[in-house]
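Heads up: the structure comes next, in structure tokens.
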Amino acid sequence: MNSVATPPAPAAPVSPVSPVDWDHPADPRPGPRLDHVRTYVASGGTDGHLWHGVPTLLLTTLDRTTGRPVRTPLVYAEDEGRYLLVAANSGGPRHPAWYGNLTAHPEVRLQVGTRTFAAWARTADAVERETYWEALTALWPPYEDYQALAWPRELPLVIVEG
């Protein structure tokens, strides 16, 4: 008699942290970014939304290793209810941590001005990147410089929808 071994049942997906405390994220290290976040949060989004004349939002992602929420201030553009972000990392050789976090866990939280809500993030495809890149560089011209510094890394464009 031959016995056939049955394969083990697949493991159930594991959530990073259960439950996630989205209301108490880690903030940036001390410095201008932390000052910006604190101003934004303390004012309920009435102060800090505009930064150096451009709109900013607070993106909260789940850290891909710890599963804990992390908050980052970012320049954004908006198109028909979609929020457009650039994973620039000031032109560094690696993607910023927040980008790695949202590619691992696409569920995010946004604070845009006085509104706070759940959303889903994804990397724009090539056509979307081409479509939106010019609008983002018009809004924040340093993105062109960051792209030149980062070469050959292409700065990902992220689309967030709530």
Side-chain angles (χ1 to χ4, degrees), residues 15-64 66-92 94-125 127-147 150 154-162:
S15 98
V17 173
S18 189
V20 174
D21 183 3
W22 290 103
D23 295 328
H24 298 95
D27 286 327
R29 292 183 211 144
R33 289 180 35 212
L34 177 59
D35 295 343
H36 182 194
V37 168
R38 285 183 174 165
T39 298
Y40 208 120
V41 171
S43 71
T46 60
D47 191 12
H49 179 243
L50 286 181
W51 174 79
H52 296 282
V54 296
T56 64
L57 55 74
L58 300 180
L59 171 72
T60 302
T61 59
L62 293 180
D63 184 281
R64 63 190 171 278
T66 67
R68 298 193 62 203
V70 180
R71 185 166 41 202
T72 306
L74 297 167
V75 169
Y76 77 94
E78 188 175 0
D79 180 62
E80 297 181 10
R82 290 180 292 255
Y83 297 90
L84 311 171
L85 313 172
V86 176
N89 202 21
S90 299
R94 293 188 178 96
H95 297 317
W98 65 262
Y99 178 72
N101 293 344
L102 68 79
T103 59
H105 305 288
E107 182 182 5
V108 300
R109 296 295 184 272
L110 291 183
Q111 181 172 351
V112 182
T114 59
R115 292 183 55 228
T116 303
F117 53 96
W120 292 91
R122 64 181 176 82
T123 303
D125 64 31
V127 171
E128 290 169 322
R129 188 181 189 284
E130 181 71 25
T131 300
Y132 293 125
W133 183 253
E134 190 173 312
L136 282 157
T137 58
L139 177 67
W140 190 248
Y143 285 145
E144 289 287 4
D145 298 331
Y146 298 160
Q147 181 58 80
E154 182 176 79
L155 304 183
L157 192 146
V158 173
I159 299 174
V160 184
E161 298 179 82

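Just the heavy atoms: all of them, side chains too, but no hydrogens, waters or symmetry mates, feed the values below.
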Do you know the tightest heavy-atom contact between A121 and V158?
-> CB-CG1, 4.1 Å
Can L59 and L102 be said to form a side chain to side chain contact (heavy atoms under 4.5 Å, CB included), step by step?
-> CA-CA 10 Å; L59 171 72; L102 68 79; 4.2 Å; yes
Please tell me if the side chains of V41 and D27 come closer than 4.5 Å, counting only heavy atoms from C-beta onward.
-> no
Please identify each residue that fulfils salt bridge (charged side-chain N to carboxylate O under 4.0 Å, His left out) with D79, with sequence neighbours left out.
-> R82
T103: side-chain contact (heavy atoms from CB on, under 4.5 Å) partners, not counting sequence neighbours | Y99, T123
Taking side chain to side chain donor-acceptor pair (under 3.5 Å) as the test, write out the residues that go with T56, two or more places apart.
-> H36
Between W22 and L62, does a side chain to side chain contact (heavy atoms under 4.5 Å, CB included) hold up when you go through it step by step?
-> CA-CA 9 Å; W22 290 103; L62 293 180; 3.6 Å; yes
With R29, which residues qualify under side-chain contact (heavy atoms from CB on, under 4.5 Å), at least two apart?
-> none
Looking at CG of L58 and OG1 of T116, how far apart are the two atoms once the value is rounded to the nearest 0.5 Å?
-> 8.0 Å
Looking at residues at least two apart in the chain, or sitting in another chain, which of them share a side-chain contact (heavy atoms from CB on, under 4.5 Å) with E128?
-> R122, A124, D125, Y132, I159
Got V70 and W98 here, is their nearest side-chain heavy-atom distance under 4.5 Å?
-> no
With sequence neighbours excluded, give me every salt bridge (charged side-chain N to carboxylate O under 4.0 Å, His left out) pair touching residues 99-111.
-> E107-R109
Interatomic spacing from OG1 in T61 to CG in L110 - rounded to 0.5 Å | 10.5 Å
Check L155 against A87 and note the closest heavy-atom contact, atom names and distance.
-> CD2-O, 3.9 Å
Out of curiosity, R33 CZ to R71 CZ, how far, rounded to the nearest 0.5 Å?
-> 12.0 Å
Which atom names give the shortest non-hydrogen contact between H95 and E154, and what distance separates them?
-> CE1-O, 3.7 Å
Those residues that, when tested against T39, pass side-chain contact (heavy atoms from CB on, under 4.5 Å) (two or more places apart) = D47
Could you give me the CA-CA distance, side-chain angles and deciding distance for Y146 and N89, then say whether side chain to side chain contact (heavy atoms under 4.5 Å, CB included) is met?
-> CA-CA 8 Å; Y146 298 160; N89 202 21; over 6 Å; no
Picking from T72, L157, L74, what satisfies side-chain contact (heavy atoms from CB on, under 4.5 Å) with L85?
-> L74
Can you name the residues that form a side chain to side chain donor-acceptor pair (under 3.5 Å) with Q111, not counting sequence neighbours?
-> none
Test side chain to side chain contact (heavy atoms under 4.5 Å, CB included) applied to Y143 and V75, step by step | CA-CA 10 Å; Y143 285 145; V75 169; 3.6 Å; yes
Does a side-chain heavy-atom distance below 4.5 Å link P69 with H24?
-> no
Sequence-distant partners of R64, side chain to side chain donor-acceptor pair (under 3.5 Å), two or more places apart | N101
Which residues satisfy the salt bridge (charged side-chain N to carboxylate O under 4.0 Å, His left out) test with E78, sequence neighbours excluded?
-> none
Which donor-acceptor pairs under 3.5 Å do side chains of residues 133-141 form with protein atoms, sequence neighbours excluded?
{"residue": "W133", "atom": "NE1", "partner": "E144", "partner atom": "OE2", "Å": "3.4"}
{"residue": "T137", "atom": "OG1", "partner": "W133", "partner atom": "O", "Å": "3.2"}
{"residue": "T137", "atom": "OG1", "partner": "E134", "partner atom": "O", "Å": "3.1"}

Verify, without hydrogens or angle tests, whether Y40 (side chain) and G113 (backbone) share a donor-acceptor contact under 3.5 angstrom.
-> yes
Taking every heavy atom of S43 against every heavy atom of T46, the minimum-distance pair comes out as O-OG1, 3.0 Å
Return each pair, listed once, that meets salt bridge (charged side-chain N to carboxylate O under 4.0 Å, His left out) where at least one residue sits in residues 48-60; pairs must be two or more places apart or across chains.
-> none
Donor-acceptor pair, D63 side chain versus T66 backbone, under 3.5 Å?
-> yes
